[in-house]
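Scroll down for the structure; my scribbles are underneath it.
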Amino acid sequence: MPYQLLLNGIIAGSIYALIALGFAIIYRTVKFLHLAHGIVYTTGAYLAYTFFILLHIHPIISFFLSIILCALLGIAIDKSVYYPLRVKKASNLIFLLASFGVFIFLQNLIQLVYGAQILTLRTGPVKEGYHIFSAVITPIQIWILVVSCWLLVILWGFVKYTRLGKAMRAVSDDQVAASVVGINPDKTILSSFAIGSALAGAAGILISLETNIEPTMGFSAVLKGVIASIIGGIGSIPGAMLGGFFLGIAENLGIWKIQAGWKDCISFIILIIFLLLRPGGIFGVKTEKEQI
Amino acid sequence: MEYFLHILIIAGIYIILTLSLNLIVGYTGLPALGHAAFSCVGAYTSSLLALNFGISPWFGLLIGAGVAVLFGIAIGYPSLRLKGDYLALATFGFGVIVYSVAKNWVSLTRGPMGLPGIPRFSIFGFSLDPLWSYLLLVTVFVLLTIFVLRRVVGSPFGRVLRSIREDEIASEALGKDTAKYKLIVFMLGAFFAGIAGSLYAHYITFIDPSSFTVMESITILLMVIFGGMGNILGSVIGATVLVVFPELLRFLGMPSSIEAPARQMIYGLLLVILMIKRPQGLLGRYRFR
């Protein structure tokens, strides 16, 4: 068993799970594919770079600042682009294309400001990792695992037990009925964008501790998040997390005998297999029949 | 002058791509986000045939288009089972897979290093090296595409396509085999996109996977939407404007490190504005449902 690949898969999976969780929280309330989620992830990494490397702010403070700004970015995207479409009752496809537009616009804005080259948040040399079985794990990777698992558990609890979490579920079930019992759907949608985007930002910051950052990083990341969501059953919160880990592990074990460049290919083949054969995900979550 | 001809040739190639995508997206209402995959297949097929076996680009063009048709069947297949944004996602996935194969199958495609030295077209021993002659060739193909497309959408076949777009269940109820029509539409679209791909390859004489990214597919889709969904003249205008207009940035004296992202930003902003203000495009009547 290639333990190293399995371990890499779990670490990649934890990042995918974070992205997928944020995506699922947003998807549940608005019911369209918010691909601009990926650019929030990129923004998180670049904000952390700006505060930490360029402005020399303490890492913890700069990470929190970046996460808050990411949440605000999510809200801004919803207010400026999705809200006018919602008023017009646009179709899902129009939302999808508009979110592509936002994505392309912001990605190239980042490229214009920071340049296309790769940047890094690392300041010192890479520390030697610990050995588990025949695999090596670095302290940073342990941090990534711990923080992301902690975030996953907190968010799960949040959606399940708090008032706002319940309001989100109510809006996702039936917007009209929710507003009848006094839940403001627009406010709930905004808070789901804030929380989901904060998660995407956190994922972007975590990955930037481990690898280099570049303006195009968010594209494949959000697609992995979407694929993870679909694997776990779209809109399902535990499903998104499990889907993330499943995809991370499948992708990394998949390149056991072939080159690493085929990772994207593997995950998209998984996507198409799921879309065609099991659109409800592994657990067969019920989906709106009209859409699938 | 050379530069001007070059822009026109590129615009012509994009017009073919936009028209062929308009048949799938605008006339039949199927959201396809992987159109660059077809031109990728067409370009690589005819380039590899020319480079490895010395096959004339004319045959390469046809074979490339034929192989693209096979991919059209593969990409069209999900359209029989999926709808709306999920179909968009699946076709998008195919686009990524084709790009990824072109990039990673190094022994065949040389991966990111690309294929240099692709021969140009020649007629009776005269190479089509001068730009005006190539522009003539591209124009012929553009007119051919417009002719075929007009015949297709004006025929009873085209009426069925529009009925699928407006109400698929109703056209099924009238006894139309919508699955067959959808597959044929994808095959037709792929055929012309394959031709556009090999026209591009034999013009630039160098291809690498970065010319066929999914962003490229979205740019083509933007051209379709901008000009007008389900409108031939719209596609011609949309492709021309969106190819020529960003070139003005270069005249403003922008260095290419700024010009490239600025162009993409304009595209992104335009897509958002179109979706909010005019999702059917300039001349179109149909909008995505």
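In the text below, chain A, chain B and the rest are named by the order of the sequence lines, each starting its count at 1.
- Between B:Val101 and A:Trp262, some side-chain heavy-atom pair lies under the 4.5 Å cut-off.
- In this structure, CE on B:Met275 lies 8.5 Å from OG on A:Ser91, to the nearest 0.5 angstrom.
- Closest heavy-atom contact between A:Ile94 and B:Pro279: CD1-CB, 3.6 Å.
- Only the side chain of B:Tyr77 comes within contact range of chain A, judged by heavy atoms closer than 4.5 Å.
- Your options are A:Leu33, A:Leu271, A:Leu96, and the one with the most heavy-atom pairs under 4.5 Å with chain B is A:Leu33.
- Here CG of B:Asn104 is found 8.5 Å from CG of A:Asp264. Values are rounded to the nearest 0.5 Å.
- Atom CZ in B:Arg263 sits 11.0 Å away from atom CG in A:Asn108 (nearest 0.5 Å).
- Surrounding CG of A:Leu277 are more than 12 heavy atoms belonging to other residues, nucleotides or ligands, all under 6.0 Å away.
- The neighbour count for B:Phe206 CZ, taken as heavy atoms of other residues, nucleotides or ligands under 6.0 Å away, is above 12.
- In this structure, B:Tyr99 and A:Phe268 have side chains that are not in contact, with every pair of non-hydrogen atoms separated by 4.5 Å or more.
- The parts of B:Leu89 that come within reach of chain A are both its backbone and its side chain, each placing non-hydrogen atoms under 4.5 angstrom from that chain.
- Only the side chain of B:Ile218 has a heavy atom closer than 4.5 Å to any heavy atom of chain A.
- In terms of heavy atoms, B:Gly93 sits closest to A:Ile272 at C-CD1, 4.1 Å.
- Both the backbone and the side chain of A:Leu109 come within less than 4.5 Å of a heavy atom of chain B.
- Under the 30°/60° scheme for interplanar angles, the aromatic rings of B:Phe92 and A:Phe219 are found to stand perpendicular.
- Neither the backbone nor the side chain of A:Ser267 comes within contact range of chain B; no heavy atom of the residue lies under 4.5 Å from a heavy atom of that chain.
- For OH of A:Tyr83, the number of neighbouring non-hydrogen atoms (other residues, nucleotides, ligands) closer than 6.0 Å is 12 at most.
- For chain B, the nearby parts of A:Leu276 are the backbone and the side chain; heavy atoms of each come within less than 4.5 Å.
- Of the two parts of A:Ile230, only the side chain, counted from C-beta on, holds a non-hydrogen atom closer than 4.5 Å to a non-hydrogen atom of chain B.
- Summarising the geometry, atom CE belonging to B:Met215 is positioned 9.0 Å from atom OG1 belonging to A:Thr216; distances are rounded to the nearest 0.5 Å.
- For NZ of B:Lys103, the number of neighbouring non-hydrogen atoms (other residues, nucleotides, ligands) closer than 6.0 Å is 12 at most.
- A 6.0 Å sphere centred on CZ of A:Phe245 holds more than 12 heavy atoms belonging to other residues, nucleotides or ligands.
- Only the side chain of A:Leu223 comes within less than 4.5 Å of a heavy atom of chain B; its backbone N, CA, C and O stay farther away.
- Looking only at side-chain heavy atoms (C-beta outward), B:Tyr86 and A:Ile234 come within less than 4.5 Å of each other.
- You'll find the side chain of B:Met265 stays beyond 4.5 Å of the side chain of A:Ile104, heavy atoms only.
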- Item | side-chain contact (heavy atoms from CB on, under 4.5 Å) evaluation trace for A:Phe100 with B:Leu271 | CA-CA 8 Å; A:Phe100 255 125; B:Leu271 188 54; 4.1 Å; yes
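- For the residue pair B:Ile276 and A:Pro84, the shortest heavy atom distance occurs at CG2-CB, 4.0 Å.
- Nearest heavy atoms, A:Gly101 versus B:Val272: C-CG2, 3.6 Å.
- Side-chain contact between A:Leu97 and B:Leu221: present, with at least one pair of heavy atoms (C-beta onward) separated by less than 4.5 Å.
- Rounded to the nearest 0.5 Å, atoms CG (B:Asp85) and CZ (A:Phe95) are 11.0 Å apart.
- In this structure, chain A has no heavy atom under 4.5 Å from any part of B:Val98.
- Heavy atoms closer than 4.5 Å to chain B are found in the side chain of A:Val226, but not in its backbone.
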